[in-house]
Structures are given as structure tokens and as C-alpha cells.
Amino acid sequence: MPSPAKGQPFEMQADDIRVIGWVDDPETYPIQPKAHTLEFLREVAHLRPRTNAIGAATRVRHTLAKAIHRFFDEDGFFWVNTPIITASDAEGAGALFRVSTLDFANLPRAADGTVDFAQDFFGREAFLTVSGQLAVEAYCLALTKVYTFGPTFRAENSNTSRHLAEFWMIEPEIAFADLADDATLAERLLKHAFTTLLSGRQDDLAFFDERIEKGLVAKLEGIVASEFVRMDYGEAIRILQRAKGTKFEFPVAWGIDLQSEHERWLTEQHAKRPVIVMNYPKEIKAFYMRLNDDGRTVAAMDVLAPGIGEIVGGSQREERLDVLDARMAERGIDREHYSWYRDLRRYGTVPHAGFGLGFERTLAYVTGLSNVRDAIPFPRTPGNARY
RNA sequence: UCCCCGGUAGCUCAGUGGUAGAGCAAGCGGCUGUUAACCGCUGGGUCGAUGGUUCGAAUCCGUCCCGGGGAGCCA
């Protein structure tokens, strides 16, 4: 019934109340009618969805995922489910989790004493995927516009607010596209997702704006309304070198990889909004990124967001077999290990580009949550897989 | 993995060498058109673990475990 009191639209009038499930011991029930820290709630991951903050994060996560799928669907993309178990890694994108059915207490040995993985389930070493990129490129070169959206695993001993051992990643791949097209796609995707949240999750965003990050809604509205700042890596270096009154711990010079402090300065001090940095030195980027005509940079781009740093990493891929082979040789990468990837260039190659978007990082950005461990239901981090 | 800061009641924290505390939460009672209600009473602790220093350790030292922030790596 309508409430006569201020600040609430209605009230319930009960004729009868029956308790379905009592709290067994109120003294020890961890979720209390009081404020809890997010750190504490992580320790009761199975009960924290009952809180308003995690509940709101869960709803925003759902709507964000739907918005991403809808964006791609309406743009003519096909969702490709690349494998979770793989034999290849995207050039050291991260340490790997091994998948094996061998008996650890009694490992089969080859003649030279090494473990004989020929006797393992897949007849070879197998791992959890660190990226669906190489596999999705195969479908891109057939279906033109494709994307993956699934779990990704990295066994790195990273203990930060931005890393998970198990996280979800969105990886579109588009044919007949260059780096600028790639950056445009990333910007369109993010803006579409934010717009959808602003209209479809108003209530939850208002909650995060009030409790987690003041000005959150205005921040998102501002991003949707403005252009991302685009700059070449070389320009970013010059801007950082001219940064007045700022001492960087790591000196800035052409050729360095941008450090967190540099990325943070570019987005938070210089542009005050997302920045797309493009065309990095080839030495600091992966072998599959397309070599530019200057011979010293590759067509790579990162989207940097204030507060969380890199949320997108992408590139135009090297579609020329001879250049790709030369790059692999430079890195000492075994050509045979990537034979099927080379086939994509041998049998009818076209320019193509793609990127990876970290789902939990994006979620952290749109909710204001400062730790990606609160952006996924059951976070997996080093030493933590209890729930 | 490295650096820094923490670990004391269910939660958030105070106590920094001499008998373990507060607020909130919980239980009981009272009051009340309340909305982070209010008032009273009550229960609740291997002070992260383990060695050591000391007449005496929550407090000082060593080691380990766990959490947080930052860094590296990246998404």
C-alpha cells in the first residue's frame, strides 16, 4: 500500500508472517544490518551476494555483458566460442595453468627423463587459455567480424587490485581493418556499453555514485559525450617529457614501456578521460603485431582509463607471412609451434585487427569499485580458490 | 615475486611492558509512523600461528600464515 511517510513509495501490510529459514546462530551470521568493508565481504564470498553492494555489482555485470553482446550482434559480429583448453599461448601473454590427467605421484617418463606428455590426455601438453586471440583470428579470416567473450586464465603471481587468475575477456577481431578502425571499434563499444548502463541500471549506478565513487554518473556521461583522446606513442613520450612539476620514478625516453605512473598521468592529469595510445616500439610488443612502415614501431594500441589504467590492449595483426616469420625469428619463437597460425597467412591473408577488453576492469571502472575482486562473483587470486 | 601498512569480541577499531576496552551487531526487556530509530540490561576474547627476550608480553625480537595498498606483468 502507498506509504504516508516521506522517502519511501510503499509499505507492506502483512496478515501473516512465516519464517522459512531461521538464521541458525545470529551471533555468527557474518552479514549484519550494518556497513561492512568489501575486504571482509571477500572472505565470505558465498554470503556477500546478499549485500546491497555486491547485489548491485552483479546486476551491473549482467547488464554490461548483455550490452556488449547486443552491440556486436547489431553490428554484424558473430560470437565465437574459442577453446578453454589450448596447446598454444599468445606469445607469453602470461604464465599458464596446466591441464593434465597424469598421476602426479607417478609421472610417466621419456627416455631422457622428462615427463612424457604423449601419455597425457591430449597426447601433448595442454593448458588453460590465456587469450582467445589466435583462435578467433582463424574465424575472422572466414566470417569477417567475430568476437570472443569468455573466461581467461593466467597463473601469474600478481597481487594487485587489477589482476585475477580467472577473468573474463572480450576479444573482437575484424577483417579488412587497420589500427584506426580497431581504436574506433573499441571506443564505440565502450560508449555503447556505458550508454546502456546509464539508462538501464540507473538505480544501481546511483547507489555506486552515492556510496562508492562520488561523481560516477557524471563521469560516465562525460565519457559518452566526448571523444577519446588519441595519440601516438611518440607523442605520449613527448607530452610526458614536458610534464611540468612532475617527477617520474621511471625516466621517460622513446623506447620505454609506459609505466603505471605514466599511464596515470596521461589519463588523470593530462586528458582527464580515456586515452588511446597507438604505435608502440616493436621491441616492447608481441610478435604478431603489424610492423609499421617506419620499421621501428608496430600498429598496437592501448586504451587507458583514469583510475584503472589499461582496459583495452589491441593491434593490427601482421598479415604478411614473410614479415611475421622475420618477427618470430627475432624473438626466437619456434615457427612450427605456430604452424596453424602461419597457415592463416599462407592460404589467403587479409589485413585484420582486434583487441582484448578486460571485463572485470571495465566493470570496476563503471561501478567505481577499486578492486576487480569485487567485480566477479568468486574471485580467483594467488592462494585463493576456496569458494 | 618485491616494497610498505595491518591481523585484538560477529564487524570497525582503541589499547604500545604490569588484571583485555569502545561503538556497532547479537540476546532479553521497554518505548516508538519508523525509515543507519531510541532507552536499559546481558552474553561474548587461545589479542593470526610459533619460537625467543623478560619477574611479567596483545605490546619487544625472529620465523611463518593471512589481509590491504603500491610496484612489476598485463586485461
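Only this structure's heavy atoms are used, side chains among them; waters, hydrogens and symmetry mates stay out. Here is the naming used below: chain letters follow the sequence lines, and residue numbers restart at 1 for every chain.
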Between A75(B) and G6(B), how far is it from one P atom to the other, in whole Å? 34 Å
Say we look at G17(B) and A57(B): how far apart would their C1' atoms be, to the nearest angstrom? 7 Å
Gap between atoms CG and C1', on Leu258(A) and C74(B) respectively (whole Å): 13 Å
Rounded to whole Å, the CD-C1' distance (Glu263(A) to A71(B)) equals 13 Å
Does G17(B) pair with anything, Watson-Crick or G-U wobble, both distances under 3.5 Å, and if so, with which nucleotide? none
For the side chain of Arg154(A), starting at C-beta, report the closest nucleotide among A25(B), A75(B), G72(B). A75(B)
Could you measure between the two C1' atoms, the one in A37(B) and the one in G18(B), and give it in whole Å? 43 Å
So which nucleotide from C11(B), G70(B), G72(B) ends up closest to the side chain of Phe40(A)? C11(B)
Using the P atoms only, state how far C24(B) lies from C41(B), rounded to an integer number of Å. 13 Å
Which atom pairs, donor and acceptor, lie under 3.5 Å between side-chain atoms of residues 53-64 of chain A and protein residues at least two apart or in another chain?
residue	atom	partner	partner atom	Å
Thr58(A)	OG1	Ile54(A)	O	2.7
Arg59(A)	NE	Asp204(A)	OD1	3.4
Arg59(A)	NE	Asp204(A)	OD2	2.9
Arg59(A)	NH2	Asp204(A)	OD1	2.9
Arg61(A)	NH1	Glu360(A)	OE2	2.9
Arg61(A)	NH1	Ala375(A)	O	2.8
Arg61(A)	NH2	Glu360(A)	OE2	3.1
Thr63(A)	OG1	Arg59(A)	O	3.2
Thr63(A)	OG1	Arg201(A)	NH1	2.7

Complementary nucleotide for G33(B) - Watson-Crick or wobble, under 3.5 Å: none
With a 3.5 Å limit on both atom pairs, tell me what G72(B) is paired to, counting Watson-Crick and G-U wobble, or say none. none
Give the cluster check for Leu185(A) versus Val277(A): same hydrophobic cluster or not, with ILVMFWY residues linked at side-chain heavy-atom distances below 4.5 Å. no
Whichever of Leu357(A) and Gln32(A) has its nearest RNA chain B nucleotide further upstream toward 5': Gln32(A)
Should Leu304(A) and Val372(A) be regarded as members of a common hydrophobic cluster, given that ILVMFWY residues are connected when their side-chain heavy atoms come within less than 4.5 Å of each other, either directly or indirectly? no
Pair assignment for G23(B), Watson-Crick or G-U wobble, requiring both distances under 3.5 Å: C11(B)
Enumerate the side-chain hydrogen bond (donor to acceptor under 3.5 Å, both in side chains) contacts for residues 263-272 of chain A, please, sequence neighbours excluded, ordered by first and then second residue. Thr246(A)-Trp265(A)
N/O contacts under 3.5 Å, protein versus nucleotides 41-43 of chain B?
residue	atom	partner	partner atom	Å
G43(B)	N2	Glu27(A)	OE1	3.0
G43(B)	N2	Glu27(A)	OE2	2.6

Look at all strands and tell whether Ser161(A) reaches a base, only sugar-phosphate, or nothing, counting heavy atoms closer than 4.0 Å. sugar-phosphate
N-O pairing of Asp325(A) and Arg345(A) below 4.0 Å: no
Under the ring pair (Phe, Tyr, Trp, His ring centres under 6.0 Å) test, residues paired with His192(A) that sit two or more places apart: Phe71(A)
Which whole number of Å gives the distance between the P atom of G21(B) and that of U53(B)? 29 Å
Ignoring hydrogens and angles, are the base of A75(B) and the side chain of Arg162(A) linked by a donor-acceptor pair under 3.5 Å? no
Looking for any heavy atom pair under 4.0 Å, which part of the strands does His36(A) touch: base, sugar-phosphate only, or nothing? sugar-phosphate
Checking all strands, does Glu261(A) fall into the base, sugar-phosphate, or nothing category for heavy-atom contacts under 4.0 angstrom? nothing
P atom, C5(B) versus A9(B): distance in rounded Å? 22 Å
Quick one: Leu96(A) CG to C74(B) P, roughly how many Å, whole number? 14 Å
Check which hydrophobic residues are tied to Phe78(A) through side-chain heavy-atom contacts below 4.5 Å, counting indirect links as well, and list them. Val80(A), Val136(A), Tyr139(A), Leu143(A), Val146(A)
Glu310(A) side chain: which of C11(B), C74(B), G72(B) is closest? C74(B)
Is there a side-chain polar atom (N or O) of Gln259(A) under 4.0 Å from OP1 or OP2 of G72(B)? yes
Could you check whether Val372(A) gets within reach of a base, just the sugar-phosphate, or nothing at all, counting any heavy atom under 4.0 Å? nothing
Write out a two-atom table: protein N or O, nucleotide N or O from nucleotides 66-68 of chain B, distance below 3.5 Å.
residue	atom	partner	partner atom	Å
G68(B)	OP1	Arg42(A)	NH1	2.9
G68(B)	OP1	Arg373(A)	NH1	3.1
G68(B)	OP2	Arg373(A)	NH1	3.0

Answer yes or no as to whether A75(B) has its base stacked against Phe167(A), where stacking requires a ring-centre separation under 5.5 angstrom and planes under 30 degrees apart. yes
Testing A26(B), C24(B), A75(B) for proximity to the side chain of Pro33(A), the answer is A26(B)
Rounding to an integer number of Å, can you tell me how far Tyr29(A) OH sits from C11(B) C1'? 14 Å
Pairing check on G67(B): which nucleotide meets the Watson-Crick or G-U wobble criteria with it, both distances under 3.5 Å? C5(B)
Between Ser158(A) and G72(B), is there a contact of a side-chain N or O with OP1 or OP2 at under 4.0 Å? no
Any idea which of G72(B), U1(B), U12(B) is nearest the Thr37(A) side chain? U12(B)
Using the P atom as the point on both nucleotides, what is the distance between A22(B) and G62(B), in whole Å? 33 Å
Touch class at under 4.0 angstrom, heavy-atom based, for Ser260(A) against every strand present: sugar-phosphate
Checking N1-N3 plus N6-O4 or O6-N4 for Watson-Crick, or N1-O2 and O6-N3 for wobble, each under 3.5 Å, the partner of U54(B) is none
Nearest 0.5 Å please: distance from the CD atom of Glu137(A) over to the CD atom of Glu319(A). 10.5 Å
Heavy-atom check, side chain of Leu134(A) versus side chain of Thr86(A), under 4.5 Å: no
To the side chain of Asp257(A), which of C74(B), G70(B), G72(B) is closest? C74(B)
Tell me what Ile170(A) touches on the nucleic acid: a base, only sugar-phosphate, or nothing, going by heavy atoms under 4.0 Å. nothing
Just checking Phe149(A) against Phe72(A), ring centres under 6.0 Å apart? no
What's the closest nucleotide to the side chain of Asn157(A) if the choices are A75(B), C11(B), U1(B)? U1(B)
Provide the distance between the two C1' atoms, one in G15(B) and one in G52(B), to the nearest whole Å. 24 Å
Residues Ser339(A) and Arg346(A): side-chain donor-acceptor under 3.5 angstrom: no
Can a donor-acceptor pair be found between the side chains of Gln133(A) and Tyr288(A) at a distance below 3.5 Å? yes
Are Lys219(A) and Phe194(A) in a cation-pi contact, defined as NZ or CZ under 6.0 Å from the six-membered ring centre and within 45° of the axis? no
Rounded to whole angstroms, how far apart are CD on Glu166(A) and C1' on C74(B)? 17 Å
Distance, rounded to the nearest Å, where Asn159(A) contributes CG and C4(B) contributes P: 16 Å
